[in-house]
S.K.: 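What follows is a single structure, and I will ask about it in a moment.
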Amino acid sequence: MDKIRHQFLVKLINEPGPSGFEDNVQNIYRNEVKPYCDEITTDSNGNVVATLNPGKDFSIMISGHADEIGLIVNYIDENGFIYVKSIGGIDPSILGSKRARILTGSGIIEGIFGQKSLHLEEGYKRKIPKMSEVYIDVGAKNKKDIEKLISVGDPIIFGENYRDLMNGYASARCFDNRIGVFIITEVLKTLKNRKLNITVHAVSTVQEETGIFGAGIIAYRLKPTMGIAIDAMPATDSPGISKTEFGDIKLNNGPVIRRGVKTSNRIAEKLIEVAKSKKIKYQIDIDTGNFGTDSDAISKVRSGVPVGGLEVPTRYLHSSEELLSLNDLDNCIKLLSEAILSIDKNKNFLDRI
Ligand SMILES: [Zn+2]
């Protein structure tokens with residue numbers, strides 16, 4: 001990955017943005033895409049649409065969700081310990097001893113998710129906590145000490161910022177799905193000076209992790225001819241994962257193209273054809289009627305929108321440290337850009353019969 005692209009990735013990843021609190025991420029997106037699109041629009045929910053080549057009969061909506069999973073302050077006890085509820089799918093057993101950042105009106109307050117020292121657990125064995133037992137310790141003397149700083153309803157992120165690992169691998173807390181926003185941004189940059197037949201709406205969506213909300217409402221407004229959602233998906237190449245159950249998805253083996261029930265076969269075929277002709281590595285995963293990504297919401301609006309899924313294999317999804325390959329990101333950008341450039345507006349390749 002080149003240096004400028006890498007710098008933008010790090011900036012996007014390091015910005016906190018749990019579902020419902022995506023504004024800072026959206027501002028980074030908006031500023032970055034400004035020189036590479038013709039129009040930028042938003043809505044009252046915080047979706048940001050960057051449109052290139054507006055007004056054509058054929059339009060594609062590419063989307064990545066800006067939000068990440070997180071938590072929210074639910075209760076502060078008399079001793080100043082902060083109890084939480086989750087925003088999105090979080091396993092409470094992974095939180096103990098991790099870094100917590102509370103996003104308050106007066107800035108970020110650092111803390112940790114407390115857990116009993118193992119010495120104090122009976123038989124040196126730890127029980128798996130319920131979410132209602134998870135608490136954050138910010139070093140407060142008592143409730144009074146922090147009640148002016150931290151309020152019920154303040155969002156929280158957990159886990160670490162971006163780090164480069166060996167061999168072009170990287171780890172961070174929120175590749176799911178800041179990389180979707182990253183990829184659509186880089187696709188716009190790639191397309192800017194190329195000859196385009198169609199309109200491209202690159203949408204940084206909100207509130208995917210809490211029920212796939214933002215993509216549908218914005219697709220309703222945009223009325224795209226087709227949609228492709230970019231997201232992280234679980235790789236199956238780390239220990240203890242059954243390939244017979246979850247398939248064979250490896251890091252550094254290219255982006256993942258979905259095929260299956262809800263996926264438009266025409267879109268899947270197009271992506272595969274382009275990957276082959278441009279010699280871009282790719283992998284296949286299936287959908288059996290749902291993606292679990294923004295594609296689901298886009299597919300359902302109005303009288304239905306043909307959708308595809310393009311995903312980046314990622315280990316340890318929804319944990320404090322997700323892990324992926326930068327090559328897969330570069331290949332995903334290349335594949336999506338080339339696929340968009342190959343669409344001929346006069347031949348509706350989406351027709352099934
Ligand atoms: Zn996601």
Side-chain angles (χ1 to χ4, degrees), residues 4-5 8 12 26-43 46-66 179-205 214-230 255 257 264 266-271 273-275 277-278 280 294-295 297-299 301-310 329-351:
I4 294 171
R5 193 175 261 189
F8 173 56
L12 256 186
Q26 295 296 54
N27 280 329
I28 292 175
Y29 175 67
R30 205 211 292 238
N31 289 333
E32 189 75 17
V33 293
K34 208 180 265 171
Y36 305 100
C37 65
D38 300 304
E39 279 171 19
I40 298 181
T41 55
T42 57
D43 67 11
N47 287 301
V48 178
V49 185
T51 301
L52 188 57
N53 208 24
K56 301 291 175 222
D57 292 340
F58 193 113
S59 65
I60 180 171
M61 171 175 168
I62 54 173
S63 74
H65 67 86
I179 56 158
V181 180
F182 169 71
I183 288 165
I184 61 170
T185 306
E186 296 301 312
V187 166
L188 278 184
K189 291 179 187 174
T190 308
L191 296 177
K192 176 63 182 166
N193 294 314
R194 304 284 295 272
K195 196 181 155 359
L196 259 185
N197 291 313
I198 62 171
T199 294
V200 179
H201 300 294
V203 189
S204 180
T205 64
I217 52 179
I218 205 74
Y220 186 89
R221 193 186 91 197
L222 296 173
K223 300 186 204 169
T225 316
M226 61 175 279
I228 296 181
I230 323 302
I257 298 168
S264 156
R266 300 291 173 269
I267 295 176
E269 281 161 15
K270 165 69 82 185
L271 290 168
E273 171 200 307
V274 171
S277 73
K278 298 289 172 186
I280 302 165
D294 276 349
S295 288
I298 298 166
S299 72
V301 299
R302 296 183 183 266
S303 54
V305 176
V307 289
L310 196 52
L329 295 177
D330 280 335
N331 280 324
C332 194
I333 294 161
K334 194 167 173 200
L335 175 53
L336 185 55
S337 305
E338 293 295 341
I340 291 170
L341 287 165
S342 77
I343 295 171
D344 180 347
K345 68 175 189 317
N346 298 318
K347 273 195 274 167
N348 196 348
F349 79 95
L350 295 167
D351 289 345

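Remember, it's a predicted structure, so these values are computed and weren't measured experimentally. Just so you know, residue 1 is the first one in the sequence shown, and it goes up from there.
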S.K.: Can you name the nearest heavy-atom pair linking S295 to G308, along with the distance?
M.R.: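 Closest approach of S295 to G308: OG-O, 3.1 Å.
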S.K.: Write down the atom of A66, the atom of Q26, and the distance for their closest heavy-atom approach.
M.R.: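 Looking at all heavy atoms of both residues, the shortest contact is CB-OE1, 3.6 Å.
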S.K.: Once you round to the nearest 0.5 Å, how far does CD1 of I218 lie from CG of D294?
M.R.: 11.5 Å
S.K.: Where the side chain of E39 meets the backbone of A50, is there a donor-acceptor pair that is under 3.5 Å apart?
M.R.: no
S.K.: Can you check side chain to side chain contact (heavy atoms under 4.5 Å, CB included) on K278 and L335, steps first, answer last?
M.R.: CA-CA 8 Å; K278 298 289 172 186; L335 175 53; over 6 Å; no
S.K.: Any chance you could measure I179, atom CD1, to C332, atom SG, to the nearest 0.5 Å?
M.R.: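 Reported to 0.5 Å precision, the distance equals 7.5 Å.
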S.K.: Side-chain contact, heavy-atom cut-off 4.5 Å: S59 with I198?
M.R.: no
S.K.: Mind listing the closest non-hydrogen atom pair of C37 and L188 along with its distance?
M.R.: CB-CD1, 4.4 Å
S.K.: Which atoms form the tightest heavy-atom contact between V181 and G64, and what is the distance?
M.R.: CG2-O, 3.8 Å
S.K.: What residue pairs, at least two apart or across chains, pass salt bridge (charged side-chain N to carboxylate O under 4.0 Å, His left out) with a residue in residues 47-62?
M.R.: none
S.K.: Over all heavy atoms of both residues, which pair between I267 and G227 is shortest? Give the atoms and the distance, please.
M.R.: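 Answer, listing the atom of I267 first, then G227: CD1-O, 4.2 Å.
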S.K.: Let me confirm one number: the CE-OG distance from M226 to S299, rounded to the nearest 0.5 Å.
M.R.: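 The CE atom of M226 sits 13.0 Å away from the OG atom of S299.
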S.K.: So how far is it from R266 CZ to E273 CD, rounded to the nearest 0.5 Å?
M.R.: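 It is 11.5 Å, given to the nearest 0.5 Å.
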S.K.: Is the shortest side-chain heavy-atom distance between V187 and S337 below 4.5 Å?
M.R.: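 In short, these two side chains touch, coming nearer than 4.5 Å.
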S.K.: Between I60 and T225, is the side chain to side chain contact (heavy atoms under 4.5 Å, CB included) condition met? List the steps.
M.R.: CA-CA 6 Å; I60 180 171; T225 316; over 6 Å; no
S.K.: Under 3.5 Å, side chain of D38 to main-chain N/O of N53, donor-acceptor pair present?
M.R.: yes
S.K.: Which distance, rounded to the nearest 0.5 Å, do you find between the CD1 of I343 and the CG of N197?
M.R.: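 So the CD1 of I343 and the CG of N197 are separated by 9.0 Å.
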S.K.: May I have the step-by-step check of side chain to side chain contact (heavy atoms under 4.5 Å, CB included) for Y36 and L191, ending in yes or no?
M.R.: CA-CA 8 Å; Y36 305 100; L191 296 177; over 6 Å; no
S.K.: Using a 3.5 Å distance criterion without hydrogens, assess whether the side chain of S63 forms a donor-acceptor pair with backbone atoms of S204.
M.R.: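 Here the side-chain-to-backbone pair does not exist.
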S.K.: Within the distance-only criterion (no hydrogens, no angle test), does the side chain of N47 pair as donor or acceptor with the backbone N or O of G214 below 3.5 angstrom?
M.R.: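 The answer is yes, because a donor-acceptor pair under 3.5 Å joins these two groups.
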S.K.: So, the side chain of N31 versus the backbone of N27: is there a donor-acceptor pair under 3.5 Å, distance only?
M.R.: yes
S.K.: Check step by step if side chain to side chain contact (heavy atoms under 4.5 Å, CB included) holds for V200 and I340.
M.R.: CA-CA 8 Å; V200 179; I340 291 170; 3.7 Å; yes
S.K.: So which atom in I184 and which in Y29 form the shortest heavy-atom distance, rounded to 0.1 Å?
M.R.: CD1-OH, 3.5 Å
S.K.: Under the criterion side chain to side chain donor-acceptor pair (under 3.5 Å), I'd like the reasoning laid out for H65 against T205: C-alpha separation, chi angles, the key distance, then a yes or no.
M.R.: CA-CA 4 Å; H65 67 86; T205 64; 5.7 Å; no
S.K.: From T199 OG1 over to L52 CG, what is the distance, rounded to the nearest 0.5 angstrom?
M.R.: 8.5 Å
S.K.: Is it true that the side chains of R30 and T42 contain a donor and an acceptor less than 3.5 Å apart?
M.R.: no
S.K.: Does anything in residues 179-192 pair up under side chain to side chain donor-acceptor pair (under 3.5 Å), and if so which pairs, sequence neighbours excluded?
M.R.: R5-E186, E32-K189, E186-K189
S.K.: Evaluate the side-chain proximity of I257 to L310: yes if any heavy-atom separation is below 4.5 Å, no if none is.
M.R.: yes
S.K.: Taking S264 as the fixed residue, which of I228, V305, L350 is the one that meets the side chain to side chain contact (heavy atoms under 4.5 Å, CB included) rule?
M.R.: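 By the side chain to side chain contact (heavy atoms under 4.5 Å, CB included) criterion, S264 pairs with just one of I228, V305, L350: L350.
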S.K.: Would you say the side-chain atoms of R302 pair up with the backbone N or O of Y220, donor to acceptor, closer than 3.5 Å?
M.R.: yes
S.K.: Could you check if a side-chain atom of I62 sits within less than 4.5 angstrom of a side-chain atom of H201, using non-hydrogen atoms only?
M.R.: no
